[in-house]
A.B. asks: 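Below are the structure tokens for one structure; questions will follow.
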Amino acid sequence: MSTDLKEKTSNPDSSNKDFATLEYQGKKLEMPVITGSENEKAIDISKLRADAGLITLDNGYVNTGSCQSDITFINGEKGILRYRGIDIEELAERSSFVEVAYLLIYGNLPSKAELDKFSTGLTNHSLLHEDMIHFFAGYPSTAHPMAILSSMTSSLAAYYHGGDGNQSEESLELDLIRLLSKLRTIACFSYKKSIGQPLIYPNNKLSYCANIMNMMFAVPTEEYYIDDEIVKVMNQLLILHADHEQNCSTSTVRMVQSSGASIYACISAGISALWGPLHGGANQAVLEMLQQIHESGQNYKEFLTQVKDKKSKIRLMGFGHRVYKNFDPRAKILRKACDRILDKLGISDPLLEIAKGLEEEALKDPYFVERKLYPNVDFYSGIIYSALGIPVNMFTVMFALGRLPGWLAHWKEQYNFDKKKICRPRQVYTGENARPYVPVRDR
Ligand code: ACO
């Protein structure tokens, strides 16, 4: 394993000669145009306020680049997703989640020796400090596992340094390994706790994904058999979720890191950001939507009519994406995986039929076509999780386990960036002008 934490974000455009000109109040301003390695262009506006007294305003950061990054490339128009230059289709088919985690964090596919060392590290750091086991008792059985995951992750900072600025590179490397390994244990323990079963500790003989299944579904009283096909689909699910450049949770991780906070605090913040229904919570929302359509006996065409009526405020969950204005390549892979795993397990799921029907109708409906709304990664993932026996409230936790290597890769890139600044956006103030304080008796 490489221990080079000092990897630098490349600036493919250091010899930039391209400029964009802005004319404002008779004054012309030249701003450098930055070109990425896939020829993406960005105007560097960092001097705009100093030179012209202007800031840029971009609600939801729809058109704002927050950093230059070497990790993941997305072309939303063409439906391309690559981790460190390698197509997601190839990784999903040929790689494993642990290998992809290495690729994202260290920049290259590992040699056999590097992969062995990395995997051994994950195996050796899977246990939680026994004091932390008592924490689980403090949560009500109804607690959402994302609440437990986020607060337990933050609690890890009480046991380990986590990038407080005074650590050796080796010790920081260990924090990355700890997070990858221990979050899996926390996630599975939170599930066991919620159903009142004894905790199943990680088993060093099992692979990363087989261990997830074992910790969630084994019981001490009997043998638990883990099917290879299930392990394969679990690897695929986690690989497909592993990174997605500057999404809400990853940007959160980078932003919190920019303040110098512990890596455990950064990842905990990322988990909280992921929880929302417009982000990682969408897989849960998709399944609930499908269940609701099924239980109400509603025709899915009627449901789409409701979705298109803006007054209803109902969205077709699992459809649409801020970046993809074409098919999300991950959704294509999962649609096939979904058919394969349901077939293998002999499950005929009416929700899958509803999902396929909704997809077929939506893809030819002008409302969705005009807005370029296609199925995203979450449209089929929930059906697969259900088939594997994973309960709905654990879906977003599974997403978090998958996204973790991406968060760590971005954390590391941000941590090592030599021109790093604390992230601090500006605003356009629209509130009251200066006014006096009025004592309560006079209001
Ligand atoms: N169902 C119905 N209409 C939709 C949907 C949807 N799923 N998504 C977008 N639209 C409509 C909006 O109403 C809007 O219509 P308008 O132009 O008439 O006002 C238009 O399409 C553009 O939508 P925005 O919300 O502006 O697009 P944005 O890029 O901000 O949002 C988002 C992207 C949040 C993913 C959105 O498509 C959505 O809410 N989807 C459903 C939730 C979901 O599946 N989230 C998972 C995303 S993937 C991930 O995080 C892993």
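Counting from 1, the numbers follow the sequence of the chain as shown. Just so you know, ligand 1 is whichever comes first in the structure, and atom 1 is the first atom listed for that ligand.
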A.B. asks: With Phe97, which of Phe118, Tyr102, Tyr208 fulfils ring-ring contact (aromatic ring centres under 6.0 Å, His included)?
C.D. replies: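 Going through Phe118, Tyr102, Tyr208 one by one, the ring-ring contact (aromatic ring centres under 6.0 Å, His included) with Phe97 is satisfied by Tyr208 alone.
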
A.B. asks: Please say whether more than 12 non-hydrogen atoms of neighbouring residues, nucleotides or ligands are located less than 6.0 Å from OH in Tyr61.
C.D. replies: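 No, because the 6.0 Å sphere around OH of Tyr61 holds 12 heavy atoms or fewer from other groups.
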
A.B. asks: Applying the side chain to side chain contact (heavy atoms under 4.5 Å, CB included) criterion to Asp175, which one of Leu180, Ile267, Ile263, Leu408 satisfies it?
C.D. replies: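 Only match with Asp175 under side chain to side chain contact (heavy atoms under 4.5 Å, CB included): Ile263.
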
A.B. asks: In terms of residue, atom name and distance, what is the protein heavy atom nearest to atom 35 (C) of ligand 1?
C.D. replies: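 Its nearest protein heavy-atom neighbour is Gly320 O, 3.7 Å.
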
A.B. asks: Any idea which atoms of ligand 1 are less than 4.0 Å away from a heavy-atom of Phe399?
C.D. replies: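 So the answer, numbered in order with elements, is 51 (C).
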
A.B. asks: Could you establish whether Phe379 and ligand 1 come within less than 4.0 Å of each other, counting only heavy atoms on the residue side?
C.D. replies: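 Phe379 does not count as a contact of ligand 1 under the 4.0 Å cut-off.
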
A.B. asks: Distance under 4.0 Å to a non-hydrogen atom of Gly318: what atoms of ligand 1 satisfy this?
C.D. replies: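 Close to Gly318: 43 (C), 44 (O).
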
A.B. asks: Report, as yes or no, whether the 6.0 Å neighbourhood of atom NZ on Lys308 holds more than 12 heavy atoms from other residues, nucleotides or ligands.
C.D. replies: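 Count over threshold, so yes.
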
A.B. asks: Among Arg403, Arg315, Arg371, which one has a heavy atom closest to atom 12 (C) of ligand 1?
C.D. replies: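 Heavy atom nearest to atom 12 (C) of ligand 1 belongs to Arg315.
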
A.B. asks: Is the closest heavy atom of Lys310 to ligand 1 under 4.0 Å?
C.D. replies: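 Yes, Lys310 has heavy atoms under 4.0 Å from ligand 1.
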
A.B. asks: Take a 6.0 Å sphere around NZ of Lys364 and say whether it holds more than 12 heavy atoms from other residues, nucleotides or ligands.
C.D. replies: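 Yes - once you tally the heavy atoms of other residues, nucleotides and ligands closer than 6.0 Å, there are more than 12.
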
A.B. asks: Got the closest protein heavy atom to atom 50 (O) of ligand 1, with its distance?
C.D. replies: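 The answer is His279 ND1, 3.1 Å.
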
A.B. asks: Give yes or no for whether the N/O distance cutoff of 3.5 Å, strictly under, is met between Arg322 and ligand 1.
C.D. replies: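 Between Arg322 and ligand 1 (N or O atoms, distance only) the closest approach is under 3.5 Å.
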
A.B. asks: At what distance is the nearest protein heavy atom to atom 45 (N) of ligand 1, and which residue and atom is it?
C.D. replies: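 For atom 45 (N) of ligand 1, the nearest protein heavy atom is Leu278 O, 3.3 Å.
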
A.B. asks: Out of Val307, Thr396, Val62, whose heavy atom is nearest to atom 2 (C) of ligand 1?
C.D. replies: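 The nearest heavy atom belongs to Val307.
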
A.B. asks: Evaluate whether atom NZ of Lys41 has more than 12 neighbouring non-hydrogen atoms of other residues, nucleotides or ligands under 6.0 angstrom away.
C.D. replies: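 Enclosed.
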
A.B. asks: Heavy-atom distance to atom 1 (N) of ligand 1: which of Val377, Leu316, Leu373 wins?
C.D. replies: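 Among Val377, Leu316, Leu373, the closest heavy atom to atom 1 (N) of ligand 1 comes from Leu316.
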
A.B. asks: Which of the atoms in ligand 1, numbered in the order shown and given with their element, are less than 4.0 Å from a heavy-atom of Asp378?
C.D. replies: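 That gives atoms 46 (C), 49 (C), 51 (C) of ligand 1.
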
A.B. asks: Please report which non-hydrogen protein atom sits nearest to atom 42 (C) of ligand 1, along with the residue it belongs to and the distance in Å to one decimal place.
C.D. replies: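 Heavy-atom neighbour on the protein nearest atom 42 (C) of ligand 1: Met317 CE, 3.4 Å.
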
A.B. asks: Considering all protein heavy atoms, does one lie under 4.0 Å from atom 26 (O) of ligand 1?
C.D. replies: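 It does not; no protein heavy atom is within 4.0 Å.
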
A.B. asks: Ignoring hydrogens, tell whether any protein atom lies closer than 4.0 Å to atom 40 (N) of ligand 1; use the non-hydrogen atoms only.
C.D. replies: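 Protein heavy atom within 4.0 Å of atom 40 (N) of ligand 1: present.
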
A.B. asks: Got a salt bridge between Lys232 and Glu93, using NZ or NE/NH1/NH2 to carboxylate O under 4.0 Å?
C.D. replies: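 Salt bridge: yes.
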
A.B. asks: Verify the contact flag for atom 22 (C) of ligand 1, where contact means a protein heavy atom under 4.0 Å away.
C.D. replies: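 Answer no: nothing from the protein, no heavy atom, is under 4.0 Å.
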
A.B. asks: Measuring from atom 47 (C) of ligand 1, which candidate in Asn376, Leu240, Asn59 has the nearest non-hydrogen atom?
C.D. replies: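 Comparing heavy atoms across Asn376, Leu240, Asn59, the nearest one to atom 47 (C) of ligand 1 lies in Asn376.
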
A.B. asks: Give the minimum heavy-atom separation between Ile105 and Pro405, together with the two atoms involved.
C.D. replies: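 Distance-wise, the nearest heavy atoms are CG1-O, 3.8 Å.
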
A.B. asks: Please find the pair of heavy atoms, one from Leu237 and one from Ser381, that lie closest to each other, and give the distance.
C.D. replies: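 Leu237 and Ser381 have their closest heavy atoms at CD2-CB, 3.9 Å.
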
A.B. asks: Please write down residue, atom name and distance for the protein heavy atom closest to atom 48 (S) of ligand 1.
C.D. replies: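 Protein heavy atom with the smallest distance to atom 48 (S) of ligand 1: His321 CD2, 3.5 Å.
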
A.B. asks: Testing Phe395, Tyr83, Phe399 for ring-ring contact (aromatic ring centres under 6.0 Å, His included) with His241, which one passes?
C.D. replies: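 So, applying the ring-ring contact (aromatic ring centres under 6.0 Å, His included) to His241 and each of Phe395, Tyr83, Phe399, only Phe399 qualifies.
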
A.B. asks: Kindly determine whether His244 and His321 satisfy ring-ring contact (aromatic ring centres under 6.0 Å, His included), including the steps that lead there.
C.D. replies: CA-CA 12 Å; His244 217 233; His321 198 277; 5.1 Å; yes

A.B. asks: Any idea which of Pro277, Cys248, Ala282, Pro375 brings a heavy atom closest to atom 46 (C) of ligand 1?
C.D. replies: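 Nearest heavy atom to atom 46 (C) of ligand 1 lies in Ala282.
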
A.B. asks: So between Tyr374, Tyr367, Phe319, whose heavy atom ends up nearest atom 3 (N) of ligand 1?
C.D. replies: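 The option holding the nearest heavy atom is Tyr367.
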
A.B. asks: Would you mind telling me which of Tyr374, Phe368, Phe303, Tyr380 makes a ring-ring contact (aromatic ring centres under 6.0 Å, His included) with Phe319?
C.D. replies: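 Per the ring-ring contact (aromatic ring centres under 6.0 Å, His included) rule, the option paired with Phe319 is Phe368, out of Tyr374, Phe368, Phe303, Tyr380.
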
